[in-house]
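Below, read A as the first sequence line, B as the second, and so on, with proteins coming before strands; counting in each chain starts at 1.
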Protein chains: 2
Amino acid sequence: MKKKDPAIDRLFHALGDPTRRAIVDRLGHAPTSATRLAEWLGVTVTAVGQHLQILEDAGLVSTEKLGRVRTCSIHHAGFDRLEQWIRDHRTSWERRLERLADLLAESDKD
Amino acid sequence: MKKKDPAIDRLFHALGDPTRRAIVDRLGHAPTSATRLAEWLGVTVTAVGQHLQILEDAGLVSTEKLGRVRTCSIHHAGFDRLEQWIRDHRTSWERRLERLADLLAESDKD
DNA sequence: AAAATACTGAAGTATCCACTTGACAATTTG
DNA sequence: CAAATTGTCAAGTGGATACTTCAGTATTTT
């Protein structure tokens, strides 16, 4: 029927959970540590760790461990891919409308 | 922590499932009946009915029953909301780049 | 009217998934 | 060094969920 796309799969699965979207929300504001996220969310640090793993695999979040603290921040790759998916899945007549804006944006880039 | 948004919740949950994304995929090409979807997907019509309910609640698909056949097609409202969410959740420096394109697109609409 | 088609509804099942607890490792602080 | 902080790993649990089957309803076809 169609080629399966594991990246998109992980992406939507990642954002399908309210807690993970809350994390993305928070990180969009400013980078934070796992413990802070846990306190803010009212869940265990373990749970946050699991969520971070999923978000990282989806390309939505990137983390870096310095010393004993893991700092998490937004990674735009996932968002780019997501936006691309939406674009690819609009119906043709909708795409036609978008093309105008795209062309205008393109002409600005150079 | 943040106001919950049940619409976005339903939206991401709906697209979190591969089968439902396949349905969206197919309907993006052309409207179809539930039975055809079921055959194509290799699942029961009942299963398709359940998926359609979820997709409809999310505003991604609209269905209409004429006679005994339910015809399903893409509904753009969900896609619009989804794209809006992505826009709202990009980091500020990314937003800054987008603003150009947005302004250009806006000036074209009138 | 009888048979076939297209779907709907209730109920069950098996798997997945978000979260927990508890034990441990690594780093920082007193 | 001892104590506190920050995070990781393994295993378990309860609830959601993607399916199914079976029974029924409405519509179309013959």
Would you say the side-chain atoms of Thr32(B) pair up with the backbone N or O of Ala30(B), donor to acceptor, closer than 3.5 Å?
-> yes
Side chain Ser33(B), main chain Arg36(B), donor-acceptor under 3.5 Å | yes
How long is the line joining CD1 of Ile23(B) and C1' of dC19(D), in whole Å?
-> 13 Å
If a protein heavy atom is under 4.0 Å from the base, mark B; if only from the sugar-phosphate, S; if neither, -; do that for nucleotides 15-22 of chain C going 5' to 3'.
-> --SSBBBB
Is there a side-chain contact between Asp9(B) and Arg21(A), using heavy atoms and a 4.5 Å cut-off?
-> yes
Whole-Å distance separating the CG atom of Leu37(B) from the C1' atom of dT5(C) | 16 Å
Within residues 61-70 of chain B, those residues having any heavy atom closer than 4.0 Å to DNA chain C are Lys65(B), Arg68(B), Val69(B), Arg70(B)
Please report the shortest heavy-atom distance between Ala34(A) and Leu52(A), naming the atom on each side.
-> CB-CD1, 4.2 Å
Atom CG of Leu52(B) and atom P of dT17(D) are separated, to the nearest Å, by 17 Å
Non-hydrogen side-chain atoms of Asp17(B) and Phe12(A) separated by less than 4.5 Å | no
Is any side-chain heavy atom of His89(B) closer than 4.5 Å to a side-chain heavy atom of Asp25(A)?
-> yes
Test item: Gln50(A) and Ile54(A) side chains (from C-beta on) under 4.5 Å apart, heavy atoms = no
Counting distance only, does the side-chain N/O of Arg10(B) pair as donor-acceptor with the main-chain N or O of Pro6(B) below 3.5 Å?
-> yes
Check the distance between dC19(D)'s P and Gln53(B)'s CD and give it to me in whole angstrom.
-> 16 Å
